[in-house]
Amino acid sequence: MQVDAVLGYLDKISRFDSQQFTPLFVGAERMGCVNAQWKARLLQHESALFEENYLGVSCRLDGSYRSISHALALAARRWQQAGWLNGWRNENFTAFRQDGTPFFELERAAFRPLGLTSRAVHINGLCRMADGEVRMWVGRRSPHKAVDPNRMDNLVGGGVAAGETLELALEREGWEEAGIARESLQGLKPSSLLLAQRPVQRGLHREWLYAYDLWLPLGQSPCCQDGEVAEHLLLPLAEVEQLLVAERFMIDAALVTMDCLCRLGYWQQANPAVADALARIRHALGQDEAVLA
């Protein structure tokens with residue numbers, strides 16, 4: 001076991017200097033954070049929408065879900081045309097108020113520049129071998145993926161689109177990435193809620209990760225339907241740990257995997273130390289309002 005290496009990697013991917021970011025408000029609601037580059041862009045080129053005050057950067061928009069979404073969609077198109085946004089997906093995510101109610105939706109490529117918090121579902125695929133050993137299904141992303149080709153992933157992982165429930169996202173992603181029938185996922189409840197936060201090239205990645213554990217019968221193999229996963233591997237937990245410390249996993253998938261191994265008690269006597277380190281990203285299920293401290 002490589003507990004020290006795991007703890008070092010967890011520290012590397014979950015700590016950052018928040019002082020490098022300015023709080024972003026929409027109306028009276030604190031919704032995100034922007035880096036220096038995006039702060040300058042918003043104040044210089046979008047002064048009709050954004051202003052600076054003693055709180056940080058504030059968006060003047062107020063009104064209905066639809067009206068705020070429309071105004072920000074027009075702004076995001078301007079940013080795309082200016083060459084500031086890459087990875088445009090024509091897919092919206094929902095931004096939620098701190099009380100958990102939907103506030104507005106926006107193209108997912110604009111979430112990181114504004115430091116908005118998105119949601120994703122991840123499935124840990126687990127299997128108990130004939131001798132009782134627990135193994136984990138790990139996906140290897142397609143070499144043709146534009147983002148993180150050939151990196152290791154959970155059995156299933158994907159964002160929750162605007163207007164989509166967690167249950168629907170789980171069923172959609174479960175079928176697309178692993179060929180799992182919806183009947184196998186109905187009633188499945190998340191085992192953990194993790195908050196991933198880290199600076200990225202486009203801004204700040206902030207995402208709630210709903211982690212589910214799915215035990216697959218021995219002999220049942222996942223089968224990707226959409227070409228995003230090149231192969232699925234059923235690995236001993238020690239090999240999964242080795243992939244973690246070698247930094248082969250996508251980062252959010254690494255967080256979900258560490259959390260799962262910890263809940264399985266993989267690190268034995270050292271398990272409490274890993275649990276203590278994970279405590280800074282673990283949150284109580286049902287408490288997924290924005291954490292913007």
Side-chain angles (χ1 to χ4, degrees), residues 1-16 120-145 147-158 173-174 177-178 180 191-192 194-198 200 205 207 209-224 228-282:
M1 295 182 187
Q2 304 180 64
V3 178
D4 289 343
V6 167
L7 291 174
Y9 182 49
L10 176 59
D11 195 66
K12 176 181 176 180
I13 62 178
S14 62
R15 291 188 185 276
F16 68 98
V121 292
H122 288 250
I123 298 178
N124 296 298
L126 301 170
C127 181
R128 193 175 299 279
M129 309 305 288
D131 61 1
E133 176 197 5
V134 174
R135 294 193 176 191
M136 179 178 284
W137 283 104
V138 173
R140 181 175 64 82
R141 288 166 63 85
S142 166
H144 307 296
K145 288 287 290 180
V147 178
D148 290 333
N150 280 319
R151 295 289 292 278
M152 310 310 289
D153 205 346
N154 302 124
L155 174 66
V156 171
E173 292 287 346
E177 295 193 358
I180 299 171
S191 299
S192 285
L194 311 174
L195 182 60
Q197 301 185 89
R198 61 183 178 276
V200 292
H205 173 76
E207 190 159 76
L209 310 176
Y210 290 82
Y212 298 76
D213 294 343
L214 180 66
W215 290 84
L216 296 179
L218 187 62
Q220 178 180 338
S221 299
C223 181
C224 179
E228 291 193 5
V229 181
E231 62 178 341
H232 288 96
L233 305 170
L234 184 59
L235 301 178
L237 299 186
E239 291 188 29
V240 175
E241 181 191 45
Q242 180 57 43
L243 289 170
L244 284 171
V245 299
E247 303 187 14
R248 288 289 314 283
F249 272 90
M250 296 179 66
I251 294 178
D252 286 357
L255 295 173
V256 171
T257 301
M258 288 182 202
D259 170 74
C260 182
L261 292 181
C262 185
R263 288 186 288 100
L264 290 171
Y266 170 74
W267 286 288
Q268 300 177 12
Q269 293 90 343
N271 224 61
V274 180
D276 286 346
L278 285 167
R280 64 174 172 269
I281 66 168
R282 278 176 168 169

- Query: Is any side-chain heavy atom of W137 less than 4.5 Å from a side-chain heavy atom of I123?
  - Reply: no
Across all chains, not counting sequence neighbours, the side chain to side chain donor-acceptor pair (under 3.5 Å) partners of Q242 are Q2
Rounded to the nearest 0.5 angstrom, the CD1-CD1 distance for I13 and I281 is 7.5 Å
Sorted by chain and number, sequence neighbours left out, salt bridge (charged side-chain N to carboxylate O under 4.0 Å, His left out) with D4 holds for none
The side-chain contact (heavy atoms from CB on, under 4.5 Å) partners of L264 (sequence neighbours excluded) come to L126, V134, W215, L237, C260
CG (L155) and CD (E173) are apart, to the nearest 0.5 Å, by 11.0 Å
One should read off an interatomic distance between E241 CD and L235 CG, to the nearest 0.5 angstrom, of 12.5 Å
Taking the side chain as every heavy atom from C-beta outward, state whether L216 and P222 have any atom pair closer than 4.5 Å. yes
Sequence neighbours excluded, the answer for side chain to side chain donor-acceptor pair (under 3.5 Å) partners of S14 is R280
In this structure, SG of C223 is separated from CD of E231 (nearest 0.5 Å) by 13.0 Å
Output a table of donor-acceptor pairs, distance under 3.5 Å, between side-chain atoms of residues 268-276 and any protein atom two or more places apart or on a different chain; print 'none' if there are none.
from: N271; atom 1: OD1; to: W267; atom 2: N; distance (Å): 3.0
from: N271; atom 1: ND2; to: C262; atom 2: O; distance (Å): 2.7

Residues pairing under salt bridge (charged side-chain N to carboxylate O under 4.0 Å, His left out) where one sits in residues 243-263, two or more places apart or in two chains, turn out to be K12-E247, R198-D252, D213-R263, D259-R263, D259-R282
side-chain contact (heavy atoms from CB on, under 4.5 Å) filter on P143, not counting sequence neighbours, yields R140, N150, A230
side-chain contact (heavy atoms from CB on, under 4.5 Å) filter on L218, not counting sequence neighbours, yields C127, M129, A130
For R141, the side chain to side chain donor-acceptor pair (under 3.5 Å) test, sequence neighbours excluded, returns none
When every non-hydrogen atom of E133 is compared with those of D131, the smallest separation belongs to N-OD1, 3.0 Å
**Request:** Evaluate the criterion side-chain contact (heavy atoms from CB on, under 4.5 Å) for residue pair V6 and M1; output intermediate values, then yes/no.
**Result:** CA-CA 9 Å; V6 167; M1 295 182 187; over 6 Å; no
Correct closest heavy-atom pair for V156 and E177 would be CA-OE1, 3.5 Å
In terms of heavy-atom contacts, L255 and L194 come closest through O-CD1, 3.7 Å
dist H122:NE2 -> Y212:OH (nearest 0.5 Å) comes out at 11.0 Å
Side chain to side chain donor-acceptor pair (under 3.5 Å) filter on Y9, not counting sequence neighbours, yields none
Side-chain contact, heavy-atom cut-off 4.5 Å: L261 with L244? yes
For E207, the salt bridge (charged side-chain N to carboxylate O under 4.0 Å, His left out) test, sequence neighbours excluded, returns none
